[in-house]
Enquirer: 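Before we start, here is the structure in question, set down as structure tokens.
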Amino acid sequence: MNLNSVIDEVGRTKGIDRSILVETLEAAILTAARRTYGAQREIEAEYNEETGEVELFQIITVTDEVENPYREVSVEEVQEAGFDAFPGEELLFKIFYREEDREKAQEQDERYGVLTKLDSQNSTFGRIAAQTAKQVIIQRVREAERDIIYEEYKDTVGDMVIGRVRRFEKGNIIVDLGRTDAILPRNEQTPRESYRPGDRLQSMIKEVKRSSRDPQVVLTRADPMLLIKLFEQEVPEIHEGAVRIVAVAREPGVRSKVAVYSRDSDVDPVGACVGMRGSRVQAVVQELHGEKIDIVPYVEDTARFVCNAISPAEVNKVLIDESNMTMELIVPDDQLSLAIGRGGQNVRLAAQLTGWNLDIISETRLENMMEESRENLLEFDGITEDIVDTLFRLGYNKLEHMAHAPPEELAQIPGLDNETADIVIEAAEDILARPAPGSPEAMTEADYERKELEEVRGIGTKVAANLYDSGYTTVEHIVFEDDPETLAEAAGLGPNVKKAQQILYAAEEQYREEHDLVDDDEGFEEHRTEFFEALEAAEAEAEEGEEAEAAEGEQEEEAEAEEAEAAEGEEAEEAEAAEEAEEAEEAEEAEEAEEAEEAEEAEEAEAAEEAEAAEGEQEEEAEEAEADDDHEEEEAESEAGESEQQDAAGDDTVGEEEQAEPKA
């Protein structure tokens, strides 16, 4: 049989290269031959293009010492068969395995059977060998088809494809793409979509893998990239690059948010995506079977972008913590539910879209938190209301912000220094370390007892608190209460006696189950008696304790009275001593005053004497001055007389002067 035509036909039909089919045939025939003639023989298969058949050959090696008689032959045996061969050489014998070559097989066995040890004339391929060859061919062809599919689709990841629903397998959808079948896994489907065999299905290729059993092409309808691809199909501005989709956040089948940005100032990115009367976005919504889509304008300002992403809710204030990539959005009270969304959907999508952790806080809650923080902070020395107001005004609204703030950062705030910053941080850390209200660390014994009351069916937090305050501190107090009206009044139920009866019944049922008294009325009555006896004993003990406390109180009062009398005596003695000390001080002060007056009078007398002495000295100086003036006048007069005598005497002046000098 010439296989050339078969190989060509299969190659055209399956799209498989001829060489791959030839290798497949060679492998199939070789596998069948080894199953028929034994795997211990060295056999090779080769396709003959001229005859169009696969030829088999047995290889035998010439050697001096034979270890494997099926693969080796001695030199002597070769020479006896008429061959001239040397050790190391190989002999190639063709195996005639086809039925029509039986005569050739017989002839070869007669001539070289000693060397081949192969009874080929009686060892043609049987049914099992033929089936093995068939399986090899089918497997190789399938592997070749898978390789072709992989090479064809490996570069198409992210592309949109349209197929037909073929069947369903364990929740997965098998989609016919024409060339191959693809799979749409359950986790890649949108929750609200349902299909029937033959329905048109548009999806995106998410992955192409090499698989021997499952479909190689994996599709998706839940990936955010699908939304981008759909907008590229519907919006020419996105396909051309004038409008760019920056980010996508999606909850498949429910709601999505798309952030868009325009590179052209003349193009409105939101309007381009919405289209005339919403035609473009509606086309995408219909393809996604009613999934809601919010189109958000992208801006570089992070705070504004987050406010756009949280729309349609309005934001009054944004607090940014860049170190933790967290933003706190302060919204009006009536916008809180809108900002959070159903099940937290809106804020969750906004966080995915922006990449920030978002915390939505209402104005009322923020005020309550700030007031609570203010009260806690003002308990510490060194922290004033002005400091707290300054911290709140600069955005430190939470104790966590203060505790995690660097000291040098807080020290730069007006009104704070390094010491105050450390005080604020330590105070915030101390407050945060306190157990939270309602936590096991913060619960008291009374809190645990109220919790036990709440375990009874029909008793809530408020009823448990009322019962506890009315003296029903344990479940036994309720179980053994005989009057429902009294219980209703204690629980704050008012005239609702029926509710009180239900509580009594539930408490008794719970008590019986806990103490194995479900059908034991006598045991239950014994427990009742023991409870009331213990209650009376506790009351008697409490009365004794009160009497003892009263006696101790009287003794303490007497001791206090005695201490008061002793204190009064001591105070009287201290008062007398104080009076005596005061009188002594007054006497000393009087003596000091007299001495001061005498000293002052003495100083005044000395001053008067000094003044009189000064006046006498001045008078003496004046008299001496007058005497000096008289003396000078006399000398002047004498000099004038002498000058007149000299003028009259003429030449006798010298002699007269000599005589006048002694008189003077």
Side-chain angles (χ1 to χ4, degrees), residues 13-17 20 24 138-235 238-239 244-259 283-293 345 348-349 352-353 355:
T13 305
K14 300 289 186 179
I16 303 175
D17 188 76
I20 296 176
T24 300
I138 292 173
Q139 181 180 358
R140 290 294 184 91
V141 169
R142 287 178 178 175
E143 290 178 357
E145 289 179 340
R146 283 194 290 268
D147 291 340
I148 292 172
I149 296 299
Y150 179 79
E151 293 296 330
E152 181 178 349
Y153 284 94
K154 69 177 182 180
D155 297 328
T156 62
V157 175
D159 293 349
M160 299 294 294
V161 293
I162 299 176
R164 294 286 176 181
V165 176
R166 179 184 289 273
R167 64 183 184 277
F168 300 92
E169 292 182 357
K170 299 179 181 179
N172 303 325
I173 300 177
I174 306 301
V175 182
D176 183 8
L177 298 181
R179 286 278 298 154
T180 184
D181 287 345
I183 183 172
L184 181 63
R186 180 192 293 271
N187 59 347
E188 295 296 340
Q189 302 173 22
T190 55
R192 297 184 179 181
E193 294 181 351
S194 60
Y195 300 95
R196 292 176 299 179
D199 288 350
R200 170 188 172 277
L201 178 64
Q202 185 175 13
S203 56
M204 186 186 74
I205 298 177
K206 184 175 183 179
E207 182 184 3
V208 179
K209 56 185 179 181
R210 293 183 181 272
S211 176
S212 58
R213 300 183 62 182
D214 299 328
Q216 297 172 268
V217 181
V218 181
L219 305 178
T220 179
R221 293 266 303 173
D223 196 279
M225 279 297 298
L226 176 70
L227 199 59
I228 297 177
K229 294 295 182 180
L230 291 175
F231 270 105
E232 288 180 354
Q233 292 178 359
E234 298 294 335
V235 183
I238 295 178
H239 182 74
R244 183 168 63 93
I245 297 179
V246 180
V248 174
R250 187 181 179 204
E251 290 192 358
V254 184
R255 190 175 182 180
S256 299
K257 286 182 180 288
V258 182
V284 178
V285 171
Q286 291 176 5
E287 179 60 37
L288 297 178
H289 294 189
E291 181 177 320
K292 296 180 181 179
I293 300 175
Q345 183 186 83
R348 187 166 55 249
L349 289 175
Q352 294 177 12
L353 188 69

Enquirer: Heavy atoms, side chains only, cut-off 4.5 Å: are Val165 and Leu184 in contact?
Expert: no
Enquirer: With a 3.5 Å distance limit and no angle check, can you tell me whether Glu169 reaches the backbone of Ile174 through a side-chain donor-acceptor pair?
Expert: no
Enquirer: Would you say the side chain of Gln345 lies within less than 4.5 Å of the side chain of Val254, judging by non-hydrogen atoms?
Expert: yes
Enquirer: Taking all heavy atoms of Val208 and all of Tyr153, pick out the closest pair and write down the distance.
Expert: CG2-O, 3.2 Å
Enquirer: Return the set of residues passing side chain to side chain contact (heavy atoms under 4.5 Å, CB included) with Ile245 (not counting sequence neighbours), or none when no residue passes.
Expert: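 Ile245 satisfies side chain to side chain contact (heavy atoms under 4.5 Å, CB included) with Ile228, Phe231, Ile238, Val248, Val258, Val260 once adjacent residues are dropped.
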Enquirer: Could you tell me which non-hydrogen atom of Ser203 sits nearest to which non-hydrogen atom of Leu219, and how far apart they are?
Expert: OG-CD1, 3.2 Å
Enquirer: Nearest 0.5 Å, please: how far is CG in Asp147 from CD in Gln216?
Expert: 7.5 Å
Enquirer: Where is the tightest heavy-atom contact between Tyr195 and His289, given as atom of each residue plus distance?
Expert: OH-CE1, 4.0 Å
Enquirer: Do the non-hydrogen side-chain atoms of Leu226 and Leu288 ever get within less than 4.5 Å of each other?
Expert: yes
Enquirer: Which residues pass the salt bridge (Lys or Arg N to Asp or Glu O under 4.0 Å) test with Lys154, sequence neighbours left out?
Expert: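 Per chain and number, Lys154 pairs via salt bridge (Lys or Arg N to Asp or Glu O under 4.0 Å) with Glu151.
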Enquirer: Within the supplied structure, the quantity of interest is the number of heavy atoms (other residues, nucleotides, ligands) at a distance under 6.0 Å from Arg200 CZ; does it exceed 12?
Expert: yes
Enquirer: Under a 4.5 Å cut-off applied to non-hydrogen side-chain atoms, are Leu201 and Asp199 in contact?
Expert: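 No, every pair of side-chain atoms sits at 4.5 Å or beyond.
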Enquirer: How many angstroms lie between CD1 in Ile149 and CG in Leu177, if you round to the nearest 0.5 Å?
Expert: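 One finds 9.0 Å between CD1 of Ile149 and CG of Leu177.
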Enquirer: Name all pairs fulfilling the salt bridge (charged side-chain N to carboxylate O under 4.0 Å, His left out) condition that reach into residues 244-259, sequence neighbours left out, sorted by first residue then second.
Expert: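 Pairs touching residues 244-259 that pass the test: Arg250-Glu291, Glu251-Arg348, Arg255-Asp294, Lys257-Asp294.
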Enquirer: Residues in side chain to side chain contact (heavy atoms under 4.5 Å, CB included) with His239, at least two apart?
Expert: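 Residues passing side chain to side chain contact (heavy atoms under 4.5 Å, CB included) with His239: none at all.
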Enquirer: Check salt bridge (Lys or Arg N to Asp or Glu O under 4.0 Å) between Arg166 and all other residues, then give those that pass, not counting sequence neighbours.
Expert: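 Listed in chain order: Asp176, Asp181.
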Enquirer: Locate the shortest heavy-atom distance separating Met160 from Met204; write the atom from each residue and the value.
Expert: SD-CB, 3.8 Å
Enquirer: Kindly state each residue pair satisfying side-chain hydrogen bond (donor to acceptor under 3.5 Å, both in side chains) with at least one member in residues 224-233, sequence neighbours excluded.
Expert: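 Found Gln202-Gln233.
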Enquirer: As an exercise, state the distance from CD1 of Ile173 to CD of Glu188, rounded to the nearest 0.5 Å.
Expert: 11.5 Å
Enquirer: Which heavy atom of Ser256 sits nearest to which heavy atom of Leu227, and what is that distance?
Expert: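 Where Ser256 meets Leu227 most closely, the heavy atoms are CB-CD2, 3.7 Å.
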Enquirer: Got a donor-acceptor contact below 3.5 angstrom from the Arg221 side chain to the Gln189 backbone?
Expert: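 Judged by distance alone, no pair lies under 3.5 Å.
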Enquirer: Under a 3.5 Å distance rule, please check whether Thr190 uses its side chain to pair with a backbone N or O of Arg192 as donor and acceptor.
Expert: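 Answer holds: no.
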